[in-house]
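Scroll down for the structure; my scribbles are underneath it.
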2 protein chains.
Amino acid sequence: MTQAVRISRQFSLRAVLEAIVQNAPISRASIAKQTGLSKQTISEVMRQLEDEGWVSETGRTSGHIGRTAVTYEIVPSAAYIVAVDLGGTKVRVAVCDLVCRVLSEVTEPTHAEGGRAVIEQIARLTGEAAAQGGVDPTRLRIAVVGVPGAPQPDTGRVLLAPNIVGFDSFDVAAALEQALGFEAMLENDVNLAVLGESWLGVGQGLDNLAYIALGTGVGSGLMVNGQLVRGAANAAGELGFLPFGADPFEPESLRAGAFERQVASYGMVTRYRALAGFDATVPAIFERANAGEPHARAVLEDTARLLARGIGAIAAITNPDKVILGGSIGSRTELVERVKAVLPSCFPYPVAVEASELGNHAALVGATAIGLSHLHNTVFGAGTPESRISLPPANAVSMREALQ
Amino acid sequence: MTQAVRISRQFSLRAVLEAIVQNAPISRASIAKQTGLSKQTISEVMRQLEDEGWVSETGRTSGHIGRTAVTYEIVPSAAYIVAVDLGGTKVRVAVCDLVCRVLSEVTEPTHAEGGRAVIEQIARLTGEAAAQGGVDPTRLRIAVVGVPGAPQPDTGRVLLAPNIVGFDSFDVAAALEQALGFEAMLENDVNLAVLGESWLGVGQGLDNLAYIALGTGVGSGLMVNGQLVRGAANAAGELGFLPFGADPFEPESLRAGAFERQVASYGMVTRYRALAGFDATVPAIFERANAGEPHARAVLEDTARLLARGIGAIAAITNPDKVILGGSIGSRTELVERVKAVLPSCFPYPVAVEASELGNHAALVGATAIGLSHLHNTVFGAGTPESRISLPPANAVSMREALQ
DNA sequence: TAATAGTTCGTTCGCTGACCGAACTAACTA
DNA sequence: TAGTTAGTTCGGTCAGCGAACGAACTATTA
């Protein structure tokens, strides 16, 4: 079989598929116009896609001048994606179809034993989710797992993941594929979050985004030129180690991170204790601040100033279109508003700041996005260079509602 | 004429050309092996390239078993590139051929009037450089101009360029193309520097790099996934506004930048005056520090600690393979060594730090790199998606020596 | 020294597969 | 019925391939 000819055919296949994905029910004539390919070619390609079960006729146009056209759509059940959000405390597994409908979602506390026990758990939950959604398990094509750490593509291990025991000591990706019986990918959860927001959240249409997840710890996901930034050792986004907040030259800062120590929950609690003389949880601090308590307000104010400086650091280095705030602390309106107010007094040009829209489902959406585009790439684009992610437009996707 | 077929042909053209560029004198059979295309196809493509004047026979192999092979190389004079490093005080114009030989280089103080006068100056210097290098001016294909500011691709203006008067008020790119008579591109000079170092300097083979230029001011260039990071408004790398060093909430920091005020020359001079009680220039401070004067050493030490924090900020956010230090202050060994020594005490995992190798020619090399890959893209790849930059390997390039 | 075996280079030939333009039929509205 | 759009059929172009083969060389052997 030829080689370059093949490549060129897959070019067309992808172009056609992209047109269908982006414009929901669409006729062959319209596809021809959009892609620039001729009508005959489109008919041929469509026949192939229909034979292989990827698309099907779903209706006809009417009401306009001229012959009515047959419209086609993706067959949602042609393949399924498993999106997994693996946290230190909870595992969430969702099964989605090709038009991004969430067919089922199951959540469970993360197996405390860590390591291979968690792999087993994910495999079991995947089976349950498939059954619950009425999905033929053999149609599951790929699993994307968001993990709180730095997955190494070469070894399959996950570094910097203190919340999940043992993931740095064996090939997690391989073990997952083994347990599931199909392809599996690992990705940092904050990276997935930024991807999710850029697809269906507040980052739609933006090529340069930052996502800051602030809660117990702090981390960031970065999208530059439409691509995820993973860094040399997959350690990009270790925002906790920004060299300000606490004194970065204190030895303790090498362990916990100068920025993280001050901006994340531990820092807030500590500062509150210093001011008020007694302990309070983070939610309690927010509550007290809302009730007008000055100490709590001061703590929030300080946190906002520090977070603003973190945003300033990101903006100075990478100049994103928008910075999205997420995590249990970062997404709270009280904090976001304070950050917005204070940012102009420590950074010279305007930076768009917004709370995460997808909340704690951002990673799940991002996992679906990766799974979907990876499917498109592997099924229709083997051999062609990695291309921009092509996903259905937000308005055609029922995922957002399903997950809210 | 067909469409996708054309794309596929250009795929082959580019693959073939890439093989030739990367492996200097090469036979058709070897190209076939490398590209995976068949021998006949290669012969055909080579015939076309030779007809169009891009490559030519340059020898034959011998000594090995089997028939001798004819080897081909790029015709260096098929097109020329103009690389311009436009600084606030000096303009440097170099003319290079397709194998990256520098045929001539001219330098002049930047026209003080700024604006269109500088455009005229560049055009004149280009003419002079071409004449001096014996280059037919009609063979000049593209000019790449490094500017100390943020060129806007849409309007062609250059923002944030206080050192060149008036570049923010007219379409500089268009004016340049008009004055030169061929294609012209603008790019931030630090971005070019990082590109240059990644091609022929200390960043060879690395996909994630940061370049910090420290002198009168401070700026950074970032390469992520092998691509330049320009940011949303082409304002990535405005490192001076990192929110530490001076108090970021001081109003003055909004103008001059909290980090820049302390780390760049102004900060060093000020700190020295505070300690020693009299003024000294930056070179003088270095000299005194080398002579053992404690105040000067303290100033250097402080600068190194601050710069280390800047590097830490970049590493925390983007995790580059290496951070390259350049600029009149940043490239001094005394400082680089101090930074290397202090970095581990404010950042937890190791970061490779090195002085710029190409020095003040980094931008010029980077400009050539962009010009070269842009030529490849436009001549052989119109319509194909932007691809990775493909440049001759460092050992095949005489540019490094020529510019030292 | 000459023949021959083995290797690699490069071409010729015939074929396939992707795609197009033009001409056509089909189906609809005004 | 005229005009418009959808989709098919037909014939042709072009990139590229595989196989076979001649060309050019080295190594080996008689």
Side-chain angles (χ1 to χ4, degrees), chain A residues 1-17 19-20 23 25-51 55-72 380-384, chain B residues 1-17 19-20 23 25-52 55 57-72 380-384:
Chain A
M1 262 167 246
T2 70
Q3 192 214 27
V5 167
R6 262 218 164 155
I7 289 176
S8 109
R9 172 52 173 262
Q10 289 187 332
F11 241 83
S12 312
L13 265 174
R14 262 233 297 252
V16 169
L17 215 71
I20 304 173
N23 307 45
I26 188 172
S27 71
R28 280 170 286 190
S30 309
I31 298 174
K33 270 178 209 148
Q34 273 204 23
T35 58
L37 298 166
S38 65
K39 283 190 293 177
Q40 326 85 280
T41 303
I42 299 299
S43 285
E44 212 175 294
V45 167
M46 293 300 282
R47 207 156 13 240
Q48 186 188 333
L49 284 174
E50 201 170 3
D51 283 353
V55 302
S56 65
E57 278 189 45
T58 56
R60 342 189 91 244
T61 60
S62 68
H64 58 77
I65 287 184
R67 176 174 169 177
T68 54
V70 178
T71 57
Y72 288 81
F380 306 106
T384 44
Chain B
M1 264 169 248
T2 71
Q3 191 213 29
V5 168
R6 260 219 164 153
I7 288 177
S8 111
R9 173 51 173 263
Q10 288 186 333
F11 241 83
S12 311
L13 265 174
R14 261 233 296 254
V16 169
L17 214 71
I20 304 173
N23 307 45
I26 188 173
S27 69
R28 279 170 287 189
S30 309
I31 299 174
K33 269 179 211 148
Q34 274 204 23
T35 57
L37 298 166
S38 66
K39 285 189 293 178
Q40 325 84 281
T41 303
I42 300 299
S43 286
E44 211 176 295
V45 167
M46 292 301 282
R47 209 159 10 242
Q48 185 188 336
L49 285 175
E50 200 169 5
D51 283 353
E52 292 176 2
V55 303
E57 277 189 45
T58 55
R60 343 188 90 241
T61 61
S62 68
H64 59 78
I65 285 186
R67 178 172 169 179
T68 54
V70 178
T71 58
Y72 288 81
F380 305 106
T384 44

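Protein chains get the first letters and strands the later ones, always in sequence-line order, with residue 1 at the start of each.
Dashed line: the shortest gap from a side-chain N or O of B:R28 to OP1 or OP2 of C:dT8 is not under 4.0 Å.
Remark: B:T71 OG1 to B:N23 CG distance equals 12.0 Å, nearest 0.5 Å. Of the inter-residue distances, the one linking B:R14 atom CZ with B:S12 atom OG reads 11.0 Å to the nearest 0.5 angstrom.
Rounded to a whole Å, the CZ atom of A:R47 is 7 Å from the P atom of D:dT9. Look at CD on B:E57: it is 13 Å from C1' on C:dC9, rounded to the nearest Å. When rounded to the nearest whole Å, the span between CD1 of A:I31 and P of D:dA6 equals 12 Å.
Side-chain atoms of B:Q48 and B:E52 form a donor-acceptor pair, as typed in the model, at a separation below 3.5 Å.
Taking the side chain to side chain donor-acceptor pair (under 3.5 Å) definition, one finds that A:R47 meets it with nothing, sequence neighbours left out. Applying the side chain to side chain contact (heavy atoms under 4.5 Å, CB included) test to A:T41 and every residue at least two apart in sequence or in another chain returns A:S38, A:V45. Here A:T58 pairs with A:E73 under the side chain to side chain donor-acceptor pair (under 3.5 Å) rule; sequence neighbours left out.
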Under 3.5 Å, which N/O atoms of the protein pair with N/O atoms of nucleotides 27-30 of chain C?
{"residue": "C:dA27", "atom": "N3", "partner": "A:R67", "partner atom": "N", "Å": "3.4"}

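Between the side chain of B:T61 and the backbone N or O of B:A69, at least one donor-acceptor pair lies under 3.5 Å.
Interface residues of residues 39-46 of chain A facing DNA chain C, ordered by number: A:Q40, A:T41; criterion, heavy-atom separation under 4.0 Å.
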Please tabulate, one pair per line, all N/O donor-acceptor pairs under 3.5 Å involving side-chain atoms of residues 26-34 of chain A, not counting sequence neighbours.
{"residue": "A:S27", "atom": "OG", "partner": "A:S30", "partner atom": "N", "Å": "3.2"}
{"residue": "A:S27", "atom": "OG", "partner": "A:S30", "partner atom": "OG", "Å": "2.9"}

